[in-house]
Number of protein chains: 2
Amino acid sequence: MQQLDGRRARGDESRRAVLARAVDIASVNGLEGLTIGRLAAEVSASKSGVAALFGTKEQLQLAAVETARGIFTASVIDPARIQPRGLRRVCALLRSWIDYSAGRVFEGGCFFFAVSAEFDSRPGVVHDAILRAVDERDAFLVSSIGHAVDQGELVGITDTPQLAFELTALIEASNSYSLLRRSAEPYEFARRGIVSRLQAYGADTTVLAKTGFMDPLPG
Amino acid sequence: MQQLDGRRARGDESRRAVLARAVDIASVNGLEGLTIGRLAAEVSASKSGVAALFGTKEQLQLAAVETARGIFTASVIDPARIQPRGLRRVCALLRSWIDYSAGRVFEGGCFFFAVSAEFDSRPGVVHDAILRAVDERDAFLVSSIGHAVDQGELVGITDTPQLAFELTALIEASNSYSLLRRSAEPYEFARRGIVSRLQAYGADTTVLAKTGFMDPLPG
DNA sequence: CCTACCGATCGGTAGG
DNA sequence: CCTACCGATCGGTAGG
């Protein structure tokens, strides 16, 4: 029993180590550019060893998406969830999202930006898994804004999904431009755009300032 | 001489036909997913025939970027350029840009969105060529906004690149979401966001209406 | 422009 | 988990 547990624990640990490298490779080279042979070499394992851990390349891709989802949740969603519902949570979410992109939690910037662009016009289970993860993220932003509206911290909003779309667009564009131009300046554009949008709906400047949105970002 | 011209014309025509297919494949599968063998099969040529036309895969990728740049210019920039400088040109540009994405001028949506995401964190001449094309596009938007400001058609703008960034972000996000969700609704989000931004700077509603920005997009 | 070929790498499997 | 192997495809070239 202890032997079995030991073996299972070793197997899980192998998977974890392989997937930790896999999501970084995929964020740079895409989920198609993530090859079993290269992945194996980088974690000093045999190709068939890695292949056996996942079965098929598609299952490796799905496991990578799931791993990335967990990392995104831990880096972006969880820091927002510990804030009280309302404007503070919205600001915390947007701030941790920018920091996650700017801090290169994944080597190639936001994992979901990279693989969404890669699979956006292809059918299949990998596309579907990416879409589910993105939908979950977007739903959290929409509901967070909804709480702020309910509490009267944002006024005059007639279309919450519209605002969520605009805020998401600013962050994704800053991720893309920062990577392409190797510059941190685009995050400053995103920050200013976010402040404009939120102030247009009467957001309390004190709350924005507390989340660091009123001052230029470092770097 | 007529024979030589005939041969040269045939060679140019071959290149054109191959590149026309290449940019569509790349918009869906990326410039790495664009393989010489598949491309040859799709245009009913031999692999070595296609290879000989370009020399190396990297040169094929560069030729594809250049071809896509020409198609983008013809589809998006030229229709704006025939409008007089000022707000009308800005609106025409944003409108033809959305139509180009929504109309799937490239099979996989905006070519430059797809390949920017693919090469954003990789070094090399292909990255550099993509960046130059994107920079040229962005510079045209910035200067178009600048004319509208100079003519007093947009007032209170303190940071033109900031506005250009926000408008670009809206269009690129609508391209991405439309492809990923197989829906035209994201373009409606982009349209509303653009109208909000321009109206905040006092844009004449009549001009916005003439460009079709005041009514929901068809489809 | 073609056929025919090169070595390398792809995803995947047999057998242990 | 490994070695050893499969057929297919990759980018590229020789020779015509």
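First the proteins, then the strands, lettered A, B, ... as listed; each starts at 1.
- Separating the CD atom of Gln61(A) from the P atom of dG11(C) is a distance of 9 Å, rounded to the nearest angstrom.
- In this structure, Gln59(B) places its CD atom 10 Å from P of dT13(D), rounding to the nearest Å.
- For Ser48(B) and Ser44(A), each mapped to the nucleotide of DNA chain D holding its nearest heavy atom, the one lying further toward the 5' end belongs to Ser44(A).
- Following rounding to the nearest Å, Glu32(A) (CD) and dC10(D) (P) show an atom-to-atom distance of 13 Å.
- Using a 30° and 60° split on the angle between ring planes, Phe72(A) and Tyr100(A) fall in the perpendicular class, above 60°.
- For the pair Ser46(B) and dC1(C), the criterion of a side-chain N or O lying under 4.0 Å from OP1 or OP2 is not met.
- Listed nucleotides: dT13(C), dC1(D), dG12(D). Nearest to the side chain of Ser14(A): dC1(D).
- Here the nucleotide nearest the side chain of Ile36(A), chosen from dG12(C), dC2(C), dG11(D), is dG12(C).
- Listed here is the closest heavy atom pair of Ser178(B) and Pro186(B): N-CG, 3.6 Å.
- Remark: dT3(D) base-pairs with dA14(C); criterion is Watson-Crick or G-U wobble with both hydrogen-bond distances under 3.5 Å.
- Between the P atom of dC10(D) and the NZ atom of Lys57(B) lies a distance of 9 Å, rounded to the nearest Å.
- Whole-Å rounding puts the Leu60(B) CG to dG11(D) P distance at 9 Å.
- At whole-Å resolution of the value, CD in Glu42(B) and P in dT9(D) are 14 Å apart.
- In plain terms, the two heavy atoms of Ala173(A) and Phe165(B) that are nearest each other are CB-CZ, 3.8 Å.
- Two residues, Leu53(B) and Glu58(A), neighbour DNA chain C, and the one matched to the more 5' nucleotide by heavy-atom proximity is Leu53(B).
- Here dC1(D) presents its P atom at 11 Å from CZ of Phe54(A), a figure rounded to the nearest Å.
- Partner Leu87(A) forms a side chain to side chain contact (heavy atoms under 4.5 Å, CB included) with one of Leu154(A), Ile145(A), Thr211(A) and no other, that one being Leu154(A).
- Residue Leu62(B) contributes atom CG, which lies 15 Å from atom P of dG11(D) at whole-angstrom precision.
- For the pair Leu163(A)/Val142(A), no side-chain contact is recorded, criterion being any heavy-atom separation below 4.5 Å from C-beta on.
- Of the candidate nucleotides dG11(D), dC10(C), dG12(D), dG11(D) has the atom lying nearest to any side-chain atom of Thr35(B).
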